[in-house]
Amino acid sequence: MGTLTSVAFAAAINIRFGSFNCNLREKIKTPLPKITTSLRERYYFSCTEEYHRFRFVKCLGNDQNGNGGKNGDTSSSVFNTASRDEKDEADEKSNISSNEFGSDKSRSVSPRPSPIDPTYSSFQIDSFKLMELLGPERVDPVDVKLIKNNIFGYSTFWVTKEEPFGDLGEGILFFGNLRGKREDVFAKLQRKLAELAGDKYNLFMIEEPNSEGPDPRGGARVSFGLLRKEVSEPGPTTLWQYVIAFILFLLTIGSSVELGIASQINRLPPQVVKYFTDPNAVEPPDMELLYPFVDSALPLAYGVLGILLFHELGHFLAAVPKKVKLSIPYFIPNITLGSFGAITQFKSILPDRSTKVDISLAGPFAGAALSVSMFAVGLFLSTLPDAASDLVQVPSMLFQGSLLLGLISRATLGYAALHAATVSIHPLVIAGWCGLTTTAFNMLPVGCLDGGRAVQGAFGKNALATFGLSTYVMLGLRVLGGPLALPWGFYVLICQRTPEKPCLNDVTEVGTWRKALVATAIILVVLTLLPVWDELAEEVGIGLITTF
């Protein structure tokens, strides 16, 4: 990281990019760009706290014609390396023992190269430097050299070049040639890094960006990214996050109770029915009118909340054996379904893609299992004459909201029951229906939803981008989700659109059965959220449909 002194000093520097000379004794702390077609290479000076002197790294200038000092042109400035003493000091730095590796005393204070253009003013340069100070801490260049010399090699991974890595370029990405089985090489590199640097850094194995071809050994070419541990790992849950999660949970309880009251629409007073059925109704009815229906609404509310909690329990039970930490769930209330589910964040870096798939699928599968049980039991109770007093009347048009669930209900309850204005069903049917719909929404392959994480882990980030675009299009056209498509689409765009961060081993693919499981789940999601079109509804007898 830079210092405030270097930021203030940068404002006083007048940088000329025509013909200039580089004096090694000039105490310049602002990185200067190399005037070539490549903007990635910079030259700069770095100062170590141990030696209190400037060390030359790389310096190259152009003449006024932009020739970069070819053919010994005296108008250009080509600079040699530092003095012998400075070379010896740099060599001595590379031989630091592992005990001194993590010490802050031996850490160099090297400014991050900034994209400083000749047209930028001193104020703009100061702004760049301030942004660097406020950004995440960069990997120590001295440590990078030490890691490159002592961890990588001809028997594991031969490094050919380096580039910035991370969201803000705070890390280093090593490009090169793999010299063994990628899983074995990665395990060896991790072990060496731990012996050399302790827990100071995290090493990532990812697919090489913009690779020109596959690895000669088979599979995609790989690169290794290095980030500081405190930068790459998620931060702890704060007190305010706990408060927000608690408030959202209380609101979800209220929306679940409201759903239970709305399910008794055939018993409610007219002014209450108008509030639930009239889209133009804004003012809620007198709350005293709802009190008599709260007790009968609680079973349905318990069912909806139970499915949500069972869903989150599935995530946590799958994460414990993998030693992955999860955040507290942030429930999203919704009066139509009781809840849109919950946002649960990873508080640990996932070790591999298989772990990402397992944890992502565990929650929806647990919630779906309980929802299917409630839905099936509710349909069975709806056919029993003894349970007639517990049934509620709902419009038959509601069964057109899901192709899969609508056809199952039609097969169970019969043509006469569904081909009517209203249908008598047990409240467990509503709880199971809402639970399965919420689970299906959360399994859509987009962003940080459970389905997006599962698809990213099983098929890769490129596949997630394709699936995500298709999902947004179908939600926008209401092909999936019916009237809930737009509210859900806005929720995803605001809260869950960003893909999950890569795993430590983001290259090794998952097994075939995991891919098949994810693909099967996506198919069931589409069938659940696909509405029953009018022609089919008329043919099978779901609702009173008149086609012209």
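Remember, predicted model here, so these are calculated numbers, not experimental data. Position 1 is the first residue of the sequence; numbering continues from there.
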Exercise. According to the salt bridge (Lys or Arg N to Asp or Glu O under 4.0 Å) rule, which pairs have a member within residues 346-368, sequence neighbours left out?
Worked result: K322-D358, D358-R514
Exercise. How long is the gap from CG on L196 to OH on Y201, to the nearest 0.5 Å?
Worked result: 10.0 Å
Problem set entry | Summary of salt bridge (Lys or Arg N to Asp or Glu O under 4.0 Å) pairs that have at least one residue in residues 172-188, sequence neighbours excluded | none
For this session: Apply the test side-chain contact (heavy atoms from CB on, under 4.5 Å) to residues L193 and L226: give CA-CA distance (whole Å), side-chain angles for both, the deciding distance (0.1 Å), then the verdict.
Result: CA-CA 10 Å; L193 180 62; L226 186 72; 4.1 Å; yes
Problem set entry | No-hydrogen, no-angle side-chain donor-acceptor test under 3.5 Å, N505 and T508 | yes
Under 3.5 Å, side-chain donor or acceptor atoms of residues 302-319 against the rest of the protein: list the pairs with distances, not counting sequence neighbours.
unit_1: H311; atom_1: ND1; unit_2: G363; atom_2: O; d: 3.4
unit_1: H311; atom_1: NE2; unit_2: H315; atom_2: NE2; d: 3.2
unit_1: H311; atom_1: NE2; unit_2: D450; atom_2: OD2; d: 3.0
unit_1: E312; atom_1: OE1; unit_2: T344; atom_2: OG1; d: 2.6
unit_1: H315; atom_1: ND1; unit_2: I359; atom_2: O; d: 2.7
unit_1: H315; atom_1: NE2; unit_2: D450; atom_2: OD1; d: 3.4
unit_1: H315; atom_1: NE2; unit_2: D450; atom_2: OD2; d: 3.3

Just list the side-chain donor-acceptor pairs under 3.5 Å for residues 484-496, sequence neighbours left out, or say none.
none

Exercise. Does a side-chain heavy-atom distance below 4.5 Å link L444 with L480?
Worked result: yes
Problem set entry | Test log, rule side-chain contact (heavy atoms from CB on, under 4.5 Å), inputs F165 and E170 | CA-CA 6 Å; F165 178 64; E170 64 273 22; over 6 Å; no
Exercise. Can you name the closest pair of heavy atoms from G176 and R221 and give their distance?
Worked result: O-NH2, 3.3 Å
Problem set entry | V257 side chain near L300 side chain, heavy-atom distance below 4.5 Å | no
Exercise. So how far is it from K161 NZ to L173 CG, rounded to the nearest 0.5 Å?
Worked result: 9.0 Å
Seminar exercise, completed: When every non-hydrogen atom of A458 is compared with those of V510, the smallest separation belongs to CA-CG2, 3.8 Å
Problem set entry | Approximate separation, where rounding is to 0.5 Å, of L227 CG and S232 OG | 5.5 Å
Exercise. Do any N or O atoms from the side chain of N177 and from the backbone of Y154 form a donor-acceptor pair under 3.5 angstrom?
Worked result: no
For this session: Decide yes or no on side-chain contact (heavy atoms from CB on, under 4.5 Å) for L350 and L504, but give the supporting numbers first.
Result: CA-CA 6 Å; L350 301 181; L504 290 176; over 6 Å; no
Exercise. Do side-chain atoms of N149 reach the backbone of K145 as a donor and acceptor pair under 3.5 angstrom?
Worked result: yes
Exercise. Which pairs with one or both residues in residues 168-200 pass ring pair (Phe, Tyr, Trp, His ring centres under 6.0 Å), sequence neighbours excluded?
Worked result: F152-F174
Exercise. Which residues pass the salt bridge (Lys or Arg N to Asp or Glu O under 4.0 Å) test with K325, sequence neighbours left out?
Worked result: none
For this session: Kindly state whether the ring of F204 and the ring of F224 have centres lying under 6.0 angstrom apart.
Result: no
For this session: With rounding to the nearest 0.5 Å, note down the distance linking OG in S339 to CG in L251.
Result: 10.5 Å
Exercise. Do side-chain atoms of E233 reach the backbone of E230 as a donor and acceptor pair under 3.5 angstrom?
Worked result: no
Exercise. Quick one: salt bridge (Lys or Arg N to Asp or Glu O under 4.0 Å) pairs with a partner in residues 434-446, sequence neighbours left out?
Worked result: none
Exercise. So, does T252 use its side chain to make a donor-acceptor pair with the main chain of L248 at under 3.5 Å?
Worked result: yes
Seminar exercise, completed: Sequence neighbours excluded, the answer for side chain to side chain donor-acceptor pair (under 3.5 Å) partners of N334 is none
For this session: Could you list all the side-chain hydrogen bond (donor to acceptor under 3.5 Å, both in side chains) pairs where at least one residue sits in residues 453-466, not counting sequence neighbours?
Result: R453-E500
Problem set entry | Side-chain touch E163/I172, heavy atoms, less than 4.5 angstrom | no
For this session: Please report the closest heavy-atom contact between L259 and T336, naming both atoms and the distance.
Result: CD1-O, 3.4 Å
Problem set entry | Sub-4.5 Å side-chain heavy-atom contact between I206 and V222 | no
For this session: Report the residues that fulfil side chain to side chain contact (heavy atoms under 4.5 Å, CB included) with Y242, sequence neighbours left out, ordered by chain and then residue number.
Result: T237, I328
Seminar exercise, completed: Residue set satisfying salt bridge (Lys or Arg N to Asp or Glu O under 4.0 Å) with K515, at least two apart, ordered chain then number -> E509
For this session: Measure from the side-chain N and O atoms of S360 to the backbone N and O of V357, and report whether any donor-acceptor pair falls under 3.5 Å.
Result: no
For this session: Over all heavy atoms of both residues, which pair between V139 and G171 is shortest? Give the atoms and the distance, please.
Result: CG2-CA, 3.8 Å
Exercise. Is S348 reaching over with its side chain to a backbone N or O of V324, donor-acceptor style, under 3.5 angstrom?
Worked result: no
Problem set entry | Rounded distance [0.5 Å steps], OG in S155 versus CH2 in W158 | 10.0 Å
Problem set entry | pair Y472-R497: side-chain heavy atoms closer than 4.5 Å | yes
Problem set entry | By ring-ring contact (aromatic ring centres under 6.0 Å, His included) - contacts of F346 (at least two apart) | none
Problem set entry | Any donor-acceptor N/O pair, S402 side chain to T528 backbone, under 3.5 Å | yes
For this session: For A342 and F331, work out which heavy atoms get closest and say how close.
Result: CB-CD2, 3.7 Å
Exercise. Does the pair M205 and D506 meet the rule for a side-chain contact (heavy atoms from CB on, under 4.5 Å), with working shown?
Worked result: CA-CA 6 Å; M205 181 171 66; D506 207 49; over 6 Å; no
Exercise. Looking at CD1 of I343 and CG of N442, how far apart are the two atoms once the value is rounded to the nearest 0.5 Å?
Worked result: 9.5 Å
Seminar exercise, completed: Smallest heavy-atom separation, V518 atom then L361 atom, equals CG2-CD1, 3.9 Å
Problem set entry | Non-hydrogen side-chain atoms of F441 and L529 separated by less than 4.5 Å | yes
Exercise. Any side-chain donor-acceptor pair under 3.5 Å between R228 and N202?
Worked result: no
